[in-house]
Amino acid sequence: MALNAIVVGAGLGGLTAAAALLQRGIDVTVLEQAAQLGEIGAGVQLAPNALKVLRALGLESGAAQLGFEPNAHVVRNWKSAEILAYTPYKGVLREVFGAAYYGYHRADLHELLRTAVPKAVIRLNSRCAAVRQEGDCAVVELTDGSTLKADVVVGADGIHSAVRQSLFGNAPPRFTGNACWRGMTPTSALEPGLLPPDMTVWFGPGASVVHYYIRGGSVINWMAAFESDQWAEESWTAEGTRDEAVARFADWHPSVRSLVTKSDRYLKWGLFDRDPLPQWSKGRITLMGDACHPMLPYLAQGACMALEDGYAVADALAKGGSDVAASLQRYEQARRERTARVQLLARQRSIENHLRDEDAMRARDERFARVRAEAATGKHAYGIEWIYEHDVTAN
Ligand SMILES: Cc1cc2nc3c(=O)[nH]c(=O)nc-3n(C[C@H](O)[C@H](O)[C@H](O)COP(=O)(O)OP(=O)(O)OC[C@H]3O[C@@H](n4cnc5c(N)ncnc54)[C@H](O)[C@@H]3O)c2cc1C
């Protein structure tokens with residue numbers, strides 16, 4: 001029996017799920033609340049584990065053209081610029097983990113995924129209010145009062161997921177005690193060669209700054225995260241001012257100050273996550289991506305996990321035939337432990353990135369130095385080889 005599916009949410013995760021479902025001959029409708037498709041003006045990095053998903057969807061060469069491949073992952077001291085950790089990426093990750101690492105403008109990556117999902121499949125202005133199971137169907141109620149039915153519903157509707165709320169109640173996401181500024185700085189606005197073409201993280205007391213090149217090296221995407229007891233909305237578009245952002249990093253290394261000062265825009269928001277969910281599915285309805293495991297951005301894995309989920313849920317449904325509930329159980333069994341581990345490790349990174357205690361910093365930096373001796377084999381300062389080596393498409 002040919003299945004039909006509804007995916008709620010046309011973000012990076014939802015489009016991946018839709019592309020993988022279509023690839024398997026499963027009929028799909030994607031419901032998106034926005035009036036227009038797109039992504040906000042910010043960057044996103046994809047690691048080898050996510051590139052393997054794009055490869056399986058036939059999108060790897062497009063992804064390579066649109067992405068900027070950093071030379072290395074480099075951790076620096078916030079004030080002196082001393083290198084604390086150095087992991088070569090270009091060439092090495094492809095060799096060791098079977099795929100490359102790229103930085104993107106989110107809109108470019110979103111558009112690439114969209115090319116694998118015909119326009120007719122995506123229904124805009126369609127906001128899910130709730131979901132329920134009714135006999136042999138999963139039902140989506142839209143906020144305009146209409147309903148749609150399918151054999152299976154996948155909630156890819158982000159951190160405030162309405163699907164999650166219907167299945168498991170209305171627990172709000174957790175404010176992590178971290179907020180951030182985010183912006184994009186034209187490379188031409190900086191002194192030539194000021195920032196090497198690396199994925200660079202500056203560790204400071206109670207704060208860290210990440211930057212990487214995108215769009216052929218013409219733009220540098222940056223995020224400056226800091227501990228805060230006040231939270232801004234977890235919105236991508238809360239505008240702040242240059243003065244506020246520059247003031248927060250005024251005593252940092254001059255390279256960081258230049259980067260932040262010359263930015264085109266200043267977005268600010270609080271960083272939220274959730275504890276790992278013990279259950280993702282009920283009957284014919286399941287969750288994926290930020291809808292079930294939103295995480296702190298310190299491992300740059302939230303979107304990577306959403307891509308992996310999207311592929312995995314489609315694969316489980318295609319292999320499981322008409323027993324949809326059993327397929328969804330297999331999907332979540334395969335995904336829960338891995339995503340929970342990444343969620344919790346991202347929390348741990350927020351602590352280690354922002355250490356203030358001298359002894360703890362020394363211990364961290366000595367460990368980084370030991371790892372560096374093995375960096376050419378893909379050994380990562382953050383101990384995340386197990387994340388990068390995974391190939392969700394290999395089953
Ligand atoms: C500062 C920061 C930096 C990050 N950097 C990285 C990175 O470098 N690499 C990485 O892998 N991850 C990164 N992430 C995480 C990544 O952005 C998310 O994990 C990823 O976007 C999740 O994708 P998603 O498709 O699950 O959800 P979303 O991107 O949130 O998409 C959800 C979609 O559902 C739609 N929607 C919501 N509600 C409804 C509804 N009720 N009905 C219909 N549609 C609905 C939304 O409009 C949206 O289109 C970062 C996150 C932050 C905060």
Side-chain angles (χ1 to χ4, degrees), residues 43 45-49 69-97 100-103 176-178 180 194-213 220-227 249 251-257 259 271 295-302 304 341-390:
Q45 303 171 84
L46 292 187
N49 51 309
E69 190 175 6
N71 272 344
H73 178 276
V74 180
V75 179
R76 291 179 181 270
N77 176 280
W78 67 290
K79 190 96 172 160
S80 67
E82 181 198 349
I83 293 183
L84 308 177
Y86 187 95
T87 313
Y89 270 21
K90 200 168 189 166
V92 175
L93 296 193
R94 204 188 308 260
E95 193 62 36
V96 178
F97 301 119
Y101 188 106
Y102 295 107
T176 59
N178 288 238
C180 73
L194 183 74
L195 299 174
D198 298 320
M199 183 323 197
T200 305
V201 193
W202 302 74
F203 282 6
S208 55
V209 174
V210 174
H211 54 80
Y212 50 92
Y213 284 86
I220 301 168
N221 182 77
W222 61 269
M223 176 186 83
F226 56 95
E227 291 166 4
F249 293 89
D251 53 350
W252 284 52
H253 189 270
S255 296
V256 174
R257 291 205 315 265
L259 177 69
L271 294 173
M295 60 185 71
L296 278 165
Y298 301 114
L299 294 173
Q301 277 290 326
C304 296
R341 207 175 149 198
V342 180
Q343 264 176 301
L344 297 177
L345 194 63
R347 274 187 194 168
Q348 205 177 312
R349 279 250 60 81
S350 75
I351 297 165
E352 211 188 46
N353 288 17
H354 298 167
L355 288 175
R356 289 186 164 90
D357 177 77
E358 294 284 339
D359 290 340
M361 281 195 273
R362 197 170 313 111
R364 176 196 69 198
D365 299 346
E366 283 171 8
R367 184 166 47 75
F368 281 173
R370 285 195 298 277
V371 171
R372 192 172 169 180
E374 293 177 66
T377 66
K379 198 154 177 63
H380 199 290
Y382 293 175
I384 51 176
E385 302 88 310
W386 62 276
I387 300 180
Y388 289 2
E389 73 191 5
H390 189 65

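Quick note: numbers below take in every heavy atom, side chains included, and nothing from hydrogens, waters or symmetry partners.
- The ring pair (Phe, Tyr, Trp, His ring centres under 6.0 Å) check on Phe203 picks up nothing, with sequence neighbours excluded.
- Atoms CE and CZ, from Met361 and Arg356 in turn, are 9.5 Å apart once rounded to the nearest 0.5 Å.
- Gln45 is listed as a side-chain neighbour of Tyr212, based on a closest heavy-atom distance under 4.5 Å.
- With a 4.5 Å cut-off on side-chain heavy atoms, Asn49 and Glu389 do not count as touching.
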From CA spacing to verdict: side-chain contact (heavy atoms from CB on, under 4.5 Å), Tyr101, Lys90: CA-CA 8 Å; Tyr101 188 106; Lys90 200 168 189 166; over 6 Å; no
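- Once rounded to the nearest 0.5 Å, the distance linking OG1 of Thr87 with NZ of Lys379 reads 10.5 Å.
- Rounded to the nearest 0.5 angstrom, Asn77 CG and Asp365 CG are separated by 8.0 Å.
- Using a 4.0 Å cut-off between charged side-chain N and carboxylate O, Glu352 and Arg347 make no salt bridge.
- Contact of the Ser350 side chain with the Thr176 side chain is not registered, since no non-hydrogen atoms from C-beta on lie closer than 4.5 Å.
- Side-chain atoms of Tyr388 never come within 3.5 Å of backbone atoms of Val96 as a donor-acceptor pair (strictly under, hydrogens ignored).
- Ring pair His380/Tyr382 is tilted by interplanar angle, where 30° to 60° counts as tilted.
- Within the 4.5 Å cutoff, the side chain of Leu344 has no heavy atoms near those of the Met295 side chain.
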Test log, rule side-chain contact (heavy atoms from CB on, under 4.5 Å), inputs Val256 and Trp78: CA-CA 8 Å; Val256 174; Trp78 67 290; over 6 Å; no
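- If you take CD on Gln348 and CG on Leu296, they are separated by 12.0 Å, rounding to the nearest 0.5 Å.
- Checking His253 against Ser80 by side-chain atom types alone, no donor-acceptor pair falls below 3.5 Å.
- Between Asp359 and Arg362, at least one side-chain N (NZ, or NE/NH1/NH2) sits under 4.0 Å from a carboxylate O, which counts as a salt bridge.
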Identify each donor-acceptor pair in which a side-chain atom of residues 69-76 lies under 3.5 Å from a protein atom, sequence neighbours left out, and give them as a table.
{"residue": "Glu69", "atom": "OE1", "partner": "Arg94", "partner atom": "NH2", "Å": "2.9"}
{"residue": "Glu69", "atom": "OE2", "partner": "Arg94", "partner atom": "NH2", "Å": "3.1"}
{"residue": "Arg76", "atom": "NH1", "partner": "Ala81", "partner atom": "O", "Å": "2.8"}

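- A distance-only check finds no donor-acceptor pair linking the side chain of Arg257 to the backbone of Asp251 [under 3.5 Å].
- Two residues are said to be in side-chain contact when any heavy atoms from C-beta on lie closer than 4.5 Å; Trp202 and His211 meet this criterion.
- Residues Tyr298 and Asn178 have side chains that bring a donor and an acceptor to within less than 3.5 angstrom of each other.
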Worked check of side-chain contact (heavy atoms from CB on, under 4.5 Å) between Trp386 and Arg341: CA-CA 11 Å; Trp386 62 276; Arg341 207 175 149 198; 3.5 Å; yes
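- Looking at heavy atoms from C-beta onward, Val209 lies out of side-chain contact with Val201 at the 4.5 angstrom threshold.
- Thr200 is not listed as a side-chain neighbour of Leu195, based on a closest heavy-atom distance of 4.5 Å or more.
- Here the side chains of Trp222 and Val210 are not in contact, with every heavy-atom distance at 4.5 Å or above.
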Stepwise side-chain contact (heavy atoms from CB on, under 4.5 Å) test for His354 and Arg349: CA-CA 8 Å; His354 298 167; Arg349 279 250 60 81; over 6 Å; no
